[in-house]
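Heads up, the thing below is written out as structure tokens.
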Amino acid sequence: MRIFRLLAVVLSLVLAASCNGVKENESSSSAEVTAPDAPEVPAAPAGPDAMPAEKFVGRWQRTDGGYVLEIKSLTPDGKLEAGYFNPNPINVGRAAWQNDGGRLMVMVELSDVNYPGSLYSLEYKAQGDMMVGTYFQAVEKQTYQVEFSRIK
């Protein structure tokens, strides 16, 4: 979780410095914001604390709206192939996962018009088969608590 919090703080500082207080609206095009490279995400450890990361694979819908996060595949080195829809596709700049002491964590950064640098930091909760965490909306510079439930 620390890695995601650090990444969110760094991204917000980079965005604040580069946006210069200019707020975008729905009809404007986005300015390109270059975020720093994400730190290396460690591979999921084996052993009794390890949870199978395949739990992430599937389609997830945000409980407060029609936003859909689709995790198509993952690799042992912490990379995810992900899609995001609202309801049309929104470009995913990068996505990663990690096993943080038995807690399965996902980070998805969006990089599209009205979303540049927006960031999901989520934790998988086996009870309820949900992902919960935060969504940093970079244009608004606001962080929201969010939940995703699996689409069956």
Side-chain angles (χ1 to χ4, degrees), residues 1-12 14-15 24 26 29-152:
M1 192 70 160
R2 293 179 297 242
I3 193 169
F4 294 118
R5 286 187 187 141
L6 176 62
L7 182 57
V9 169
V10 169
L11 284 172
S12 64
V14 167
L15 289 169
E24 296 182 61
E26 290 296 316
S29 63
S30 68
E32 184 157 342
V33 176
T34 303
D37 289 334
E40 285 296 313
V41 178
D49 287 340
M51 293 175 59
E54 289 77 24
K55 298 270 187 194
F56 291 135
V57 176
R59 290 177 58 84
W60 301 86
Q61 183 168 8
R62 224 167 88 178
T63 58
D64 64 342
Y67 309 100
V68 173
L69 175 62
E70 180 178 15
I71 299 177
K72 301 171 188 173
S73 65
L74 54 90
T75 62
D77 64 350
K79 293 181 182 142
L80 288 176
E81 180 185 357
Y84 186 71
F85 307 89
N86 179 22
N88 296 320
I90 307 237
N91 188 49
V92 172
R94 59 184 162 185
W97 73 275
Q98 73 174 11
N99 185 327
D100 182 17
R103 296 171 44 216
L104 289 176
M105 309 298 293
V106 170
M107 182 278 301
V108 177
E109 181 184 2
L110 306 176
S111 63
D112 213 329
V113 174
N114 298 317
Y115 294 90
S118 293
L119 181 71
Y120 279 104
S121 297
L122 304 168
E123 177 181 357
Y124 176 74
K125 298 290 188 179
Q127 185 174 6
D129 192 30
M130 299 184 76
M131 288 196 289
V132 299
T134 59
Y135 172 58
F136 173 69
Q137 211 300 333
V139 172
E140 297 174 0
K141 296 179 181 59
Q142 296 283 331
T143 299
Y144 302 95
Q145 296 295 316
V146 295
E147 294 182 352
F148 283 83
S149 59
R150 189 183 301 274
I151 298 173
K152 308 256 184 219

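The structure displayed is predicted, hence computed values, not measured ones. Excluded from the calculations below are hydrogen atoms, water molecules and symmetry mates; all remaining heavy atoms, backbone and side chain alike, are included.
Residues Ser118 and Ala138 come closest through the heavy atom pair OG-N, 3.1 Å. The shortest heavy-atom contact between Phe148 and Tyr67 is CE2-O, 4.0 Å. Contact record, Val57 with Arg150: O-NH1, 2.9 Å, taken as the closest heavy-atom pair. Between Val108 and Ala95, the shortest heavy-atom contact is CG2-CB, 4.2 Å. Here the closest non-hydrogen pair linking Arg59 and Phe85 is NH1-CE1, 4.3 Å. Looking at every heavy atom in both residues, Trp97 comes nearest to Lys79 through CD1-O, 3.6 Å.
Side-chain atoms of Ser149 do not come within 3.5 Å of backbone N or O of Met130 as any donor-acceptor pair. No donor-acceptor pair closer than 3.5 Å links the side chain of Trp60 to the backbone N or O of Glu147. Between the side chain of Asn91 and the main chain of Ser111, a donor-acceptor pair closer than 3.5 Å is present.
Atom CZ of Phe136 is separated from atom CD of Glu109 by 10.5 Å, given to the nearest 0.5 angstrom. For the atom pair Ile151 CD1 and Leu69 CG, the distance stands at 9.5 Å (nearest 0.5 Å). Between Gln137 atom CD and Leu119 atom CG the span is 11.5 Å, to the nearest 0.5 Å.
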>> Quick one, Glu81 with Leu74, criterion side-chain contact (heavy atoms from CB on, under 4.5 Å). Give me CA distance, side-chain angles, the key distance, then yes/no.
In response: CA-CA 6 Å; Glu81 180 185 357; Leu74 54 90; over 6 Å; no

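Comment: Lys125 engages Glu123 in a salt bridge, judged by a side-chain N to carboxylate O separation of less than 4.0 angstrom.
In this structure, Met107 and Gln98 have side chains that are not in contact, with every pair of non-hydrogen atoms separated by 4.5 Å or more. At a threshold of 4.5 Å between non-hydrogen side-chain atoms, the residues Pro116 and Val139 count as touching. Between Val132 and Tyr124 the shortest side-chain heavy-atom distance does not fall below 4.5 Å. Side-chain contact between Leu80 and Val92 is absent, with no heavy atoms from C-beta onward closer than 4.5 Å.
In the model, Asn86 has a side-chain atom that pairs as donor or acceptor with a side-chain atom of Tyr115 under 3.5 Å.
Residues satisfying the ring pair (Phe, Tyr, Trp, His ring centres under 6.0 Å) test with Tyr135, not counting sequence neighbours, are Tyr120.
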